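Everything below concerns the one structure shown next.
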Amino acid sequence: MDSFLTGQRNAASPDSVTEQVMVDARRAFSTLPHDTLEGVVRGAVSDLWSDSVKVTSFVRVLAMRSVRESLEQQTQGTEPVTET
């Protein structure tokens with residue numbers, strides 16, 4: 001937990017947050033293609049980062065939530081995306 005909080009404090013740019021979320025997303029959705037995952041992650045972080053009201057310490061958590069929701073919508077009608 002401490003390393004997660006340290007990562008939150010160091011979330012100084014969209015690129016650094018994107019890298020952190022990619023690590024989490026690869027772990028959670030290891031069976032999905034890298035390009036698909038990267039596009040969803042970049043979109044989620046970009047949307048959150050450009051929001052006019054934000055608390056940067058929560059961008060990483062909110063981005064992972066958005067990634068899960070986006071991937072579930074993309075795979076709707078097929079087997080559900082599950083975290084590993």
Side-chain angles (χ1 to χ4, degrees):
M1 181 73 164
D2 186 48
S3 65
F4 181 77
L5 293 175
T6 301
Q8 293 295 348
R9 284 191 291 267
N10 294 332
S13 72
D15 290 337
S16 65
V17 173
T18 298
E19 289 175 23
Q20 293 169 4
V21 175
M22 273 302 293
V23 169
D24 294 340
R26 277 191 217 117
R27 190 177 310 124
F29 304 103
S30 60
T31 59
L32 295 177
H34 176 79
D35 292 342
T36 299
L37 206 50
E38 184 175 30
V40 173
V41 168
R42 286 193 182 281
V45 172
S46 175
D47 289 347
L48 289 166
W49 204 266
S50 62
D51 192 357
S52 61
V53 178
K54 67 178 174 278
V55 178
T56 57
S57 61
F58 292 109
V59 170
R60 183 176 173 188
V61 174
L62 294 172
M64 274 304 291
R65 179 186 298 165
S66 179
V67 166
R68 282 188 198 95
E69 290 170 356
S70 294
L71 292 172
E72 285 173 1
Q73 288 176 354
Q74 287 180 15
T75 60
Q76 203 168 32
T78 62
E79 62 186 70
V81 176
T82 57
E83 294 184 35
T84 55

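These numbers were taken from a predicted model, which means no experiment stands behind them.
- In this structure, the separation between CZ on Arg27 and CE on Met22 is 12.0 Å, given to the nearest 0.5 Å.
- Across every non-hydrogen atom of Ala28 and Met64, the tightest pair is CB-CE, 4.2 Å.
- Minimum interatomic distance between Val41 and Ala25 (heavy atoms only, all atoms of both residues): CG2-CB, 3.8 Å.
- With sequence neighbours excluded, the residues that form a side chain to side chain donor-acceptor pair (under 3.5 Å) with Glu38 are Arg42.
- The CG atom of Leu62 sits 12.0 Å away from the CH2 atom of Trp49 when rounded to the nearest 0.5 Å.
- The OG atom of Ser13 sits 7.5 Å away from the CD atom of Glu19 when rounded to the nearest 0.5 Å.
- In this structure, CZ in Arg65 is found 7.0 Å from CD in Glu69, a value given to the nearest 0.5 Å.
- Partners of Ala44 by side chain to side chain contact (heavy atoms under 4.5 Å, CB included), not counting sequence neighbours, listed by chain and number: Ala63, Ser66, Val67.
- Hydrophobic clustering places Phe58 together with Leu48 (ILVMFWY residues linked when any side-chain heavy atoms are closer than 4.5 Å, directly or through intermediates).
- By the side chain to side chain contact (heavy atoms under 4.5 Å, CB included) test, Thr36 pairs with Pro33, Leu71, Gln74, sequence neighbours left out.
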